[in-house]
Amino acid sequence: MSWVSIDKDKCNNCGICALRCPLCFVKQSDIIIAQADESCCNLCGHCVALCPTDAIVHHKLDMNNFVEVGKGTMFETDQLIRFIRERRSHRHFKDKEVPREHLEKLIDVCRYAPTGGNVQDVEIVVVQNPEKRQKLSDLTVDFFMDMGKYAEEALAESAATGKEPPEDIEYLEILAHYRSRLGRARAAGYDAIFYKAPVVLIFHSHSKTRTPKDNCVIASTTLGLTARTVGLETTYIGLFEIASKMYQPIDEELGLPPGHEVFSVLVMGYSKLKFLKTVDRKPVKTRWE
Ligand SMILES: Cc1cc2nc3c(=O)[nH]c(=O)nc-3n(C[C@H](O)[C@H](O)[C@H](O)COP(=O)(O)O)c2cc1C
Ligand code: SF4
Ligand code: SF4
């Protein structure tokens, strides 16, 4: 049974569905036949969205969620570029709760962020509980303190013995740097991981799926930019992502489904600080061919 049906009374045989998806639609005696199943269909929905006569029903998709595009939504280019340039990483948040309805809307927008092969398997852990956030933050600092200590010892040994520096010396130096920085922040009672943000969003997916990192980063970026439209600001938190991959206690505390890994993390809230200017960045090195 095909996952897709064509209403013969509505179909004008234009062939657009077969052009877009030649494995799931074939022309037989000048008539388009649908033969969509798991061998060819990744549930992209393009056939339904392209059909000019509303002739296609996809039985695996919610047909009510196909919304008329009409003329399409468009932004003025420079205005959108300004919006992107005005995004900053925010690390000082008001002690103000984020309404659930905003969170739900922002999570929902991630449905529409693309995924490799349309796997749609990005999941999100939303941490609002301050004790849970603190626990995860503390474990992350513990990880960097341990790793940093190991790195400092390896660097010291290599300096004292005159041996070749370890191959991963640059990484060790970064870890040692974090140990010192995070140690000082901890002593001062400062949350240098999640900045006591009212919301932490942990994007995860199965690591053996297609493009898991890209999928999670595209979702988090989509959410982060959309969040700005309701006055919420974010920062990516790579430190937690690194620690989560290498530190068993974080794994246990997070309790992700088997095979899942963290691939992107955001803190989010209402910022205490307002950036009054955009910032300078290096031009992108480009090779034109
Ligand atoms: C993948 C990624 C990981 C990051 N991890 C952290 C982090 O762990 N902690 C933090 O305070 N900032 C983190 N940042 C924020 C960067 O430091 C910040 O984006 C950069 O300094 C540029 O500032 P801007 O975002 O305001 O343009 C991260 C940014 C990215 C893109
Ligand atoms: S796109 Fe629609 S109208 Fe055109 S051939 Fe396919 S089902 Fe028929
Ligand atoms: S949903 Fe996508 S893959 Fe499936 S039949 Fe339609 S166009 Fe082809």
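None of these values were measured; they are calculated from a predicted model. Atoms within a ligand are numbered from 1 in the order they appear, just like the ligands themselves.
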- Report the part of Glu241 in contact with ligand 1, treating N, CA, C, O as backbone and CB onward as side chain, heavy atoms under 4.0 Å; options are side chain, backbone, both, neither. neither
- Which bit of Val279 gets closer than 4.0 Å to ligand 1, counting heavy atoms only: side chain, backbone, both or neither? neither
- Task: Measure the shortest side-chain to side-chain distance between Tyr270 and Leu232 over non-hydrogen atoms and say whether it is less than 4.5 angstrom.
- Result: yes
- Would you call Lys135 and Glu131 a salt bridge, taking side-chain N to carboxylate O under 4.0 Å as the test? no
- among protein heavy atoms, the one nearest atom 5 (S) of ligand 2 is Gly15 N, 3.3 Å
- Looking only at protein heavy atoms, which one is nearest to atom 1 (S) of ligand 3, and how far off is it? Gly45 N, 3.2 Å
- List the steps and the verdict of side chain to side chain donor-acceptor pair (under 3.5 Å) for Asp121 and Thr209. CA-CA 8 Å; Asp121 63 354; Thr209 183; 3.0 Å; yes
- Nearest heavy-atom neighbours spanning Cys47 and Cys17: CB-CB, 4.4 Å
- Query: If you measure only the distance, is there a donor-acceptor pair under 3.5 Å linking the side chains of His206 and His260?
  - Reply: no
- One finds that the ligand 2 atoms under 4.0 Å from a non-hydrogen atom of Thr53 are 3 (S)
- Message: What protein heavy atom lies closest to atom 2 (Fe) of ligand 3? Include the residue and the distance to one decimal.
- Response: Cys44 SG, 2.4 Å
- Residue and atom name of the nearest protein heavy atom (relative to atom 7 (S) of ligand 2), distance in Å to one decimal: Ile56 CG1, 3.6 Å
- Message: Between Cys47 and atom 2 (Fe) of ligand 2, is there a contact where an N/O/S atom of the residue lies under 2.8 Å from the metal?
- Response: no
- Atoms in ligand 1 with a heavy atom of Ile237 nearer than 4.0 Å: 5 (N), 6 (C), 7 (C), 8 (O), 9 (N)
- Message: Just to confirm my output: which protein heavy-atom neighbour is closest to atom 5 (N) of ligand 1, and how far is it?
- Response: Gly238 N, 2.7 Å
- Provide, to 0.1 Å, the distance between atom 6 (Fe) of ligand 2 and the closest protein heavy atom, together with that atom's residue and name. Cys17 SG, 2.3 Å
- Residue and atom name of the nearest protein heavy atom (relative to atom 16 (C) of ligand 1), distance in Å to one decimal: Arg91 NH2, 3.7 Å
- Numbering as shown, the atoms of ligand 2 that approach Ile32 to under 4.0 Å (heavy-atom distance): 5 (S)
- Item | Proximal ligand 3 atoms for Phe25, defined as those under 4.0 Å from one of its heavy atoms | 5 (S)
- Among Phe240, Tyr178, Tyr195, Phe275, closest by heavy atom to atom 10 (C) of ligand 1 is Tyr195
- Message: Do Tyr247 and Thr140 pair up side chain to side chain, a donor and an acceptor below 3.5 Å, judged on atom types alone?
- Response: no
- Task: Using a strict cut-off of 4.0 Å, indicate which atoms of ligand 1 neighbour a heavy atom of Arg87.
- Result: 24 (P), 25 (O), 27 (O)
- Message: Checking a contact table here: which protein heavy atom is nearest atom 4 (C) of ligand 1, and how many Å away?
- Response: Tyr236 O, 3.4 Å
- Message: Counting non-hydrogen protein atoms only, what is the nearest one to atom 8 (Fe) of ligand 3? Give residue, atom name and distance.
- Response: Cys21 SG, 2.3 Å
- Message: Checking contacts here: is it the side chain or the backbone of Leu50 that comes within 4.0 Å of ligand 2, counting heavy atoms only? Could be both or neither.
- Response: neither
- What residue and heavy atom of the protein are closest to atom 19 (O) of ligand 1, and at what distance? Ser89 OG, 3.1 Å
- Message: So, applying side chain to side chain contact (heavy atoms under 4.5 Å, CB included) with Ile202, which one of Ile237, Ile124, Val127, Val126 is it?
- Response: Val127
- Is there an N/O/S atom in Cys24 that lies less than 2.8 Å from atom 2 (Fe) of ligand 3? no
- Contact check: Cys11 to atom 8 (Fe) of ligand 2, N/O/S below 2.8 Å: yes
- Determine, for Lys272 against Asp95, whether the closest basic-nitrogen to carboxylate-oxygen distance falls under 4.0 angstrom. no
- Note on the structure: If you scan protein heavy atoms around atom 4 (Fe) of ligand 3, the nearest is Cys41 SG, 2.3 Å
- Message: For His204, run the side chain to side chain contact (heavy atoms under 4.5 Å, CB included) check against Cys216, Pro257, Ser264 and tell me which one passes.
- Response: Pro257
- Derivation of the side-chain contact (heavy atoms from CB on, under 4.5 Å) call for Arg88 and His90: CA-CA 6 Å; Arg88 289 273 71 71; His90 287 256; 3.8 Å; yes
- Query: Can you find a side-chain donor-acceptor pair between Arg91 and Thr235 that sits under 3.5 Å?
  - Reply: no
- Task: Determine whether the side chain, the backbone, both or neither of Trp3 has a heavy atom under 4.0 Å from any heavy atom of ligand 3.
- Result: neither
